[in-house]
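Have a look at the structure below before the remarks.
These figures come from a predicted structure and were not determined experimentally. Chain identifiers are assigned alphabetically (A, B, ...) following the order of the sequence lines, protein sequences preceding nucleic acid strands; residue numbering begins at 1 within each chain.
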Amino acid sequence: MPKEKSAPRKAKATKADGGKKKKGKHHYPNAPKRGLSAYMFFANDQREKVREDNPGIKFGEVGKLLGEKWKALSEKQRAPYEAKAANDKKRYEDEKAAYAAVSALETD
DNA sequence: AATCTGATTGTTCTT
DNA sequence: AAGAACAATCAGATT
């Protein structure tokens, strides 16, 4: 079993508060985006189910409901999602590699 | 080496 | 078209 101790994630960013970040950032060419996260896959599956259980539910509710359910799942249930996340993570490795390769070639 | 930070991912709904 | 609650992430940058 992997015993990753190294960095015991401490507090959060410097934003003090809970952690509200806004978008608006872009990336350079070839943007090697990272893989998705377990929540993304989970949402993909539950999103319709949640809405089915909550007819007429709005985005905010679905999101919250989703969050609750997500944590309500057992580690086993999250497994498939985490598995996909891990799979996508690998995908990112490819992007990263491709990006580096192109970047090297594109010595502009 | 160890710690931190920021950027990113996708859903749905609203405007 | 883009943003925002919801959660994860985690790879790179920084010290």
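Taking atom NZ of A:K90 as the reference point, atom P of B:dT9 lies 20 Å away to the nearest angstrom. Counting to the nearest Å, the P atom of C:dA5 and the NZ atom of A:K69 are 22 Å from each other. Here the C1' atom of nucleotide B:dG10 and the CD atom of A:E48 are 14 Å apart, to the nearest Å. Taking atom CD on A:E95 and atom C1' on C:dA11, their separation rounds to 12 Å, with Å as the unit. Put simply, CG on A:N87 is 16 Å from P on B:dT9, counting in whole angstrom units. The separation between A:K96 atom NZ and C:dA13 atom P is 11 Å, rounded to whole Å. Taking atom CG of A:L73 as the reference point, atom C1' of C:dA8 lies 14 Å away to the nearest angstrom. Look at CG on A:L65: it is 17 Å from P on C:dA5, rounded to the nearest Å.
Of the listed nucleotides (B:dC13, B:dT9, B:dT11), B:dC13 has the atom at the smallest distance from the side chain of A:F59. When the nucleotides B:dG10, C:dA11, B:dC13 are ranked by their closest atom to the side chain of A:R51, B:dC13 comes out on top. Of the candidate nucleotides B:dT8, B:dT11, C:dA11, B:dT8 has the atom lying nearest to any side-chain atom of A:K33. Closest to the side chain of A:S37, out of C:dG12, C:dA7, B:dT11, is C:dA7.
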Could you walk me through whether A:R51 and A:V62 pass side chain to side chain contact (heavy atoms under 4.5 Å, CB included), step by step? CA-CA 7 Å; A:R51 274 195 83 230; A:V62 181; 3.8 Å; yes

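Between A:W70 and C:dA8 there is a side-chain N or O to OP1 or OP2 distance below 4.0 Å. Within the structure, every side-chain polar atom (N or O) of A:K58 is placed at least 4.0 Å from both OP1 and OP2 of C:dA5. Taking 4.0 angstrom as the limit, A:R78 places none of its side-chain polar atoms (N or O) nearer than this to OP1 or OP2 of C:dA8. A sub-4.0 Å separation between OP1 or OP2 of C:dC6 and a side-chain N or O of A:K64 is present.
With the nearest nucleotide of DNA chain B identified for both A:V62 and A:D88, A:D88 has the one nearer the 5' end. When each of A:Y39 and A:K89 is assigned the nucleotide of DNA chain C bearing its nearest heavy atom, the one mapping closer to the 5' terminus is A:Y39.
At least one donor-acceptor pair under 3.5 Å links the side chain of A:E95 to the backbone N or O of A:K33.
Using a 4.0 Å heavy-atom criterion, one finds that A:Y92 contacts the sugar-phosphate atoms exclusively.
Rounding to the nearest 0.5 angstrom, the gap separating the CG atom in A:D88 from the CD atom in A:E93 is 11.0 Å. Note that the CD atom of A:E82 and the CD atom of A:Q77 stand 11.0 Å from one another [nearest 0.5 Å].
When all heavy atoms of A:F42 and A:L73 are compared, the pair lying nearest together is CE1-CD1, 3.1 Å.
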